[in-house]
Every structure is written in C-alpha cells, then in structure tokens.
Amino acid sequence: MDRSKGGEHDGSITRGSDFLQLDPADAPPGGLADWLAGRLRDAVADGRLPVGARLPATRVLAAELRVSRGAVTEAYQRLADEGHLAGRGRAGTIVVAAPLTPAPPTRPPHGTTRTTGEASVPPPNPAPFPPWPGADVFDVLRDQPARIDLSPGLPDLAAFPRAAWQRAERTVLRDLPAAGLGYGDPRGTPALRLAVAAWLARYRGIRTDPADIVIVAGTAQALGLITRVLARDGIDRIAVEDPGSLGVRQHLAHWGMGTPPVPVDTAGIRVDRLRATGAPAVLLTPAHQFPTGAVLGGDRRRDLTRWAAEGGLVIEDDYDAEHRYDRPPVPALRSLLTDRAYYAGSVSKLLAPALRIGWILPPPRHLDALVAEKRFADLGNAALPQLVLAELMNSGEMERTLRLLRRRHRRRRDTMIEAIAAHLPAAAVHGAAAGLHLTVTFPGRLPDGLHDTDLAAAALELGVKTHPLSWHAQRPHPPGLVLGYAAAPTSAIPDAIADLARALHHLTTGTGRRGGHQAATARAANNSASHRSR
C-alpha cells in the first residue's frame with residue numbers, strides 16, 4: 001500500500017500544541033514568529049493568559065509545534081519588548097501586563113441586569129441589608145468592602161497552619177500508593193473516618209465505629225443529604241431554634257423543608273414549645289447556640305431526650321463546640337441519643353471554611369440511605385485533602401492549632417467585651433462563654449421605624465461589617481447585632497466598636513453620618529502614619 005498520499009490518519013506526525021490550540025499550519029509563509037507573537041498577544045488581551053500565567057518553555061513549545069526554537073524565542077522576545085512578558089529564571093516566562101484593549105463583558109452582580117430598553121446602564125449596587133434577605137444575601141454582603149469585618153462564622157484564617165499542612169501533604173504524597181488516586185468509598189477515606197472517630201471520642205464524648213461516619217463537603221452539604229433522606233420518610237418539617245441561623249433555614253427551605261421556629265432562652269431551646277409545633281424533627285446547636293450563645297442545660301437535655309424517645313429526631317449541628325473558654329465543652333447530644341440523632345461537624349471553624357470538609361454520624365437505620373445520597377451527589381469528597389487532614393489529626397497538629405486559636409480568640413473576645421462596655425454601655429452582651437462571636441441587643445434603643453438592619457447599614461458606611469440579629473430571627477426579637485471577633489485583629493476591635501457606637505448615635509439622634517465617616521477615615525490615616533513611624 002502506498003502511504004505517501006494517505007489522509008489525516010496516514011501515520012504522519014501531527015504538528016500543533018494543546019497550548020492555546022496553536023497550529024503552525026495557520027501561519028503565513030515566512031511569518032511564523034509574527035503569527036505566534038500575534039496569537040500570544042491576543043491570548044493575553046482576552047484573558048486566556050492572565051497576568052501571572054506561565055508560558056511553556058521555548059524548547060517545549062517548539063518541540064510540540066515542530067518548528068525552530070528560534071521562532072518561538074523571537075515571538076516571546078517581541079512580547080517581552082512590549083512589556084507583556086518577563087523572564088523569571090527558573091520560574092519561566094510570565095505574563096506581567098495585558099495590552100490596553102477593551103475588557104470582555106463580565107457577569108453582572110447578583111440580581112442585576114445590564115440593559116434597560118435600548119440603553120445600557122450600570123447595574124445598581126445591591127442593598128447589603130434588606131429587611132427580608134434573599135438566598136444570595138451572604139454573597140452580596142461578602143462582596144461589600146469594609147475596613148473591619150466582624151461577620152460571624154469565621155475563625156482566625158491567618159492562623160491556618162500552612163507549614164504543617166504542607167508537611168502533611170508531602171507525607172501523604174510520599175506514602176500514597178497509586179491505587180489511592182482512584183475512585184474511593186463515597187463515605188470518605190478510611191484514614192479520615194478513623195481520625196474523626198478518634199477526635200469525636202476525645203473531644204465530644206462520642207464512641208463510634210469509623211464505618212458509621214460519612215465525610216461530606218461541610219455542614220451545608222450535610223443538611224442537604226439529611227433532608228433528602230428524611231423526605232423519603234415523609235418528613236417535610238424540621239423545627240429550628242429562634243433566633244437561629246438564617247443560612248441553615250435557607251438550606252432547609254431550598255430542599256423543601258418547613259422550618260417552624262422554637263424559642264430559645266438562656267438554657268437553650270424550649271422543649272415544651274418544640275412539642276407544641278408537632279414537628280417530627282428539630283435542628284439544634286446545643287454546644288453554643290447560634291446566635292445567642294446559650295448552652296443547652298441539663299434539664300433541657302433530659303427533656304429533649306424524652307421527646308426523642310417519644311419519636312422525635314434530633315439533628316445536632318455541633319457549632320463552635322471546641323471553642324469553649326470557661327470550662328470543657330459539654331458532651332455532644334449524640335453521645336446520649338445514638339438511635340435518634342444525626343450528628344454533623346466540620347473543620348470550617350477549626351481551620352478554614354474553604355477546606356469544605358465535614359462529617360455526619362447518622363442514626364444506624366439511616367446510614368445506608370445517607371451513603372446512597374452521598375454517592376449520587378458527588379461520589380465522595382476529594383481524597384487528598386481528607387488524607388492531609390487525617391495526618392494533621394493523627395500527628396497532634398490539630399490539637400496544637402486548637403490551643404493556639406483558643407488563646408487568640410479569648411484575647412479578642414475580652415477586647416471586644418471591654419470595648420462594648422466602654423462605647424456601648426447600654427447594650428446587653430450574649431454568648432461570651434464560648435464560640436467565635438458575641439451577640440449584642442439594644443432593647444428600646446432604636447427609634448420607631450428603624451431596625452437593626454439600618455444600624456448594620458450605618459456601621460458599614462463607617463467601614464464595619466456585621467450581621468443584624470433580625471436576619472436570624474423568625475419571630476419578633478429585640479434589635480441587635482451579631483459580632484464575630486475571631487477573624488479581626490485584636491488592635492482593630494476597639495475602633496470597630498467605637499464606630500458601631502457612632503452609628504447607633506447617628507440613628508438615635510437623627511444626625512448625619514458624614515462626620516463619623518470622616519472621623520473613621522482620619523483615624524485610619526493616623527493609625528497608618530503611626531504604624532509607619534514605628
């Protein structure tokens with residue numbers, strides 16, 4: 001057979017590269033370097049090669065294109081002369097600047113459109129504190145710039161054990177067999193389930209078989225999986241604490257669950273009022289109730305145990321359990337209610353929410369159904385982060401990190417309490433014994449027609465971001481704010497509380513806010529100058 005005139009499958013070697021889908025056959029005769037420089041320039045301009053992107057080595061790209069290395073070097077040099085590329089030694093050739101061309105259209109912000117009729121208009125800024133927050137309210141609020149962020153729910157992200165994580169990652173990759181990179185058990189890696197079982201036994205009083213633990217992508221996924229399992233049993237309502245987490249209610253509602261509110265007082269959820277709802281299940285944060293900080297008391301625990309024995313189902317969100325400052329954390333409810341409780345925990349408040357690693361311990365009768373839901377949700381969490389986390393737990397690094405965080409968080413809590421006493425003496429402080437936030441209420445302090453959403457908005461104008469308490473309440477409740485302190489530098493907390501007091505003063509007296517904004521700006525400038533002088 002004559003192969004010299006074969007088609008595209010004639011056995012000849014293909015010229016071209018996966019990089020930018022470059023095909024030198026598109027280049028005009030004698031213009032290879034010009035063509036390649038143009039293709040690279042276009043890719044930098046339209047964002048396919050963003051600033052910081054690394055280009056292939058000239059010899060590698062020349063080999064893939066089956067062209068002379070000199071042509072590739074010349075193309076790179078032209079863009080370097082134009083200021084778009086720069087050599088970084090062993091780091092390679094890096095994109096350092098984009099051409100001054102119009103930027104491609106971007107996705108409009110949440111809930112906005114780009115055009116009205118025939119004329120294009122800039123999208124309005126979404127209101128960060130609507131009285132009736134929508135599903136994207138936390139995304140909108142996170143996008144708002146702030147000088148000091150006191151949003152609840154964040155640990156001290158600067159304390160993430162980066163060096164220990166890197167060491168654990170190297171250990172895992174060194175010892176991981178090739179088979180460990182394949183598909184695994186949807187319940188999670190055996191190593192992490194074993195480490196979590198040991199952690200729960202040491203710190204939460206739960207004795208369990210690792211085979212009964214399901215690793216999930218944080219508490220958010222845990223709620224989705226649990227609601228789908230319960231829906232199979234005909235459950236369409238899960239009672240929730242009130243006040244209680246807005247985010248939790250949003251997730252439950254997304255999966256079709258009603259959320260009848262049950263009042264919370266200083267001893268935790270009112271079990272008598274839970275009975276009155278007739279709900280077959282309840283979701284609790286008993287170790288440190290969000291947002292009031294109440295710990296479920298002994299009498300309430302016994303009453304809740306009786307309610308569960310009568311057929312009720314408990315979903316225990318072990319929120320903030322490890323962050324206890326005055327005494328050891330109370331044991332988890334799951335240790336008392338093996339057959340009638342789901343237990344959900346995560347490392348979002350221990351290490352970082354971005355890890356998206358948590359766990360569920362379901363009642364034995366629901367385990368198979370929960371694993372099935374997890375299997376069809378995603379086939380299981382990514383294995384490598386699980387193995388790294390297991391290494392941190394087994395090495396003792398998690399305990400060391402927790403001890404460090406407790407010291408830091410206690411200092412920041414104490415600083416916030418002192419600042420509130422100095423600047424907001426009439427405010428009532430709740431939840432100081434544990435957790436990563438305080439709740440303050442202002443009984444009778446806001447004029448008629450104003451709400452804590454107005455106070456949160458006024459604070460944001462002064463550069464301080466927080467949550468209005470009303471977001472987290474379904475029933476009428478005194479106005480207040482939920483103030484996270486764990487992620488804020490200790491030195492910034494007194495200024496933040498002073499600005500909250502200024503915002504409250506402006507609202508209660510009806511004075512303008514500009515003076516406060518100028519004062520905050522001046523103080524920030526003075527602080528910056530003082531820092532430079534050191």
Side-chain angles (χ1 to χ4, degrees), residues 1-107 162-163 165-183 354-356 378-379 381-385 387-388:
M1 179 183 293
D2 183 2
R3 299 180 181 273
S4 62
K5 298 181 181 180
E8 66 177 306
H9 298 294
D10 62 358
S12 61
I13 299 176
T14 302
R15 301 172 71 203
S17 173
D18 290 338
F19 177 67
L20 301 179
Q21 295 77 53
L22 295 173
D23 184 354
D26 296 336
L32 180 61
D34 286 339
W35 167 83
L36 181 56
R39 291 293 303 274
L40 294 173
R41 190 181 297 108
D42 290 344
V44 174
D46 64 24
R48 285 175 292 157
L49 287 177
V51 172
R54 184 170 67 176
L55 275 64
T58 55
R59 60 178 178 78
V60 172
L61 186 56
E64 291 181 353
L65 299 177
R66 296 185 61 77
V67 301
S68 72
R69 185 178 180 183
V72 178
T73 301
E74 182 179 348
Y76 281 22
Q77 186 59 50
R78 290 185 187 183
L79 268 71
D81 292 342
E82 295 170 10
H84 306 313
L85 304 182
R88 293 286 188 261
R90 291 189 176 183
T93 301
I94 306 295
V95 178
V96 294
L100 296 177
T101 57
T106 57
R107 181 176 63 86
R162 295 172 185 255
W165 185 274
Q166 288 179 325
R167 288 194 299 271
E169 197 167 57
R170 286 194 294 269
T171 298
V172 166
L173 291 174
R174 182 193 65 209
D175 298 337
L176 184 66
L181 296 172
Y183 291 102
L355 293 178
R356 309 311 307 141
D378 55 18
L379 295 180
N381 283 33
L384 287 178
L387 296 173
V388 175

Distance-minimising heavy-atom pair for L32 and A27: CD1-CB, 3.9 Å
V388 to A168 - nearest heavy-atom pair and separation: CG1-CB, 3.8 Å
Stepwise side chain to side chain contact (heavy atoms under 4.5 Å, CB included) test for T93 and L79: CA-CA 11 Å; T93 301; L79 268 71; over 6 Å; no
Flag if over 12 foreign heavy atoms under 6.0 Å of CZ, R48: yes
Stepwise side chain to side chain contact (heavy atoms under 4.5 Å, CB included) check, D42 with L20: CA-CA 10 Å; D42 290 344; L20 301 179; over 6 Å; no
Smallest separation among heavy atoms of A86 and V96, with atom names: CB-CG1, 3.7 Å
Test log, rule side chain to side chain contact (heavy atoms under 4.5 Å, CB included), inputs L40 and Y76: CA-CA 8 Å; L40 294 173; Y76 281 22; 3.7 Å; yes
Rounded distance [0.5 Å steps], CD1 in I94 versus CG in L55: 8.0 Å
Heavy-atom side-chain proximity of L384 to L173 below 4.5 angstrom: yes
Chi angles and distances behind the side chain to side chain contact (heavy atoms under 4.5 Å, CB included) call for R39, L22: CA-CA 8 Å; R39 291 293 303 274; L22 295 173; 3.8 Å; yes
Side chain proximity check, F19 to L49, heavy atoms < 4.5 angstrom: yes
For R54, all residues meeting salt bridge (Lys or Arg N to Asp or Glu O under 4.0 Å), sequence neighbours excluded: none
Closest contact, heavy atoms only, P28 versus W35: CD-CB, 4.0 Å
Minimal non-hydrogen separation, P56 against L61, with atom names: CB-CB, 4.2 Å
Any donor-acceptor pair under 3.5 Å from Q21 side chain to D18 backbone: yes
Heavy-atom closest contact (R69 atom, A62 atom, distance): CA-CB, 3.6 Å
Reported OG-to-CD distance for the pair S68 and E74, which is rounded to 0.5 angstrom: 9.0 Å
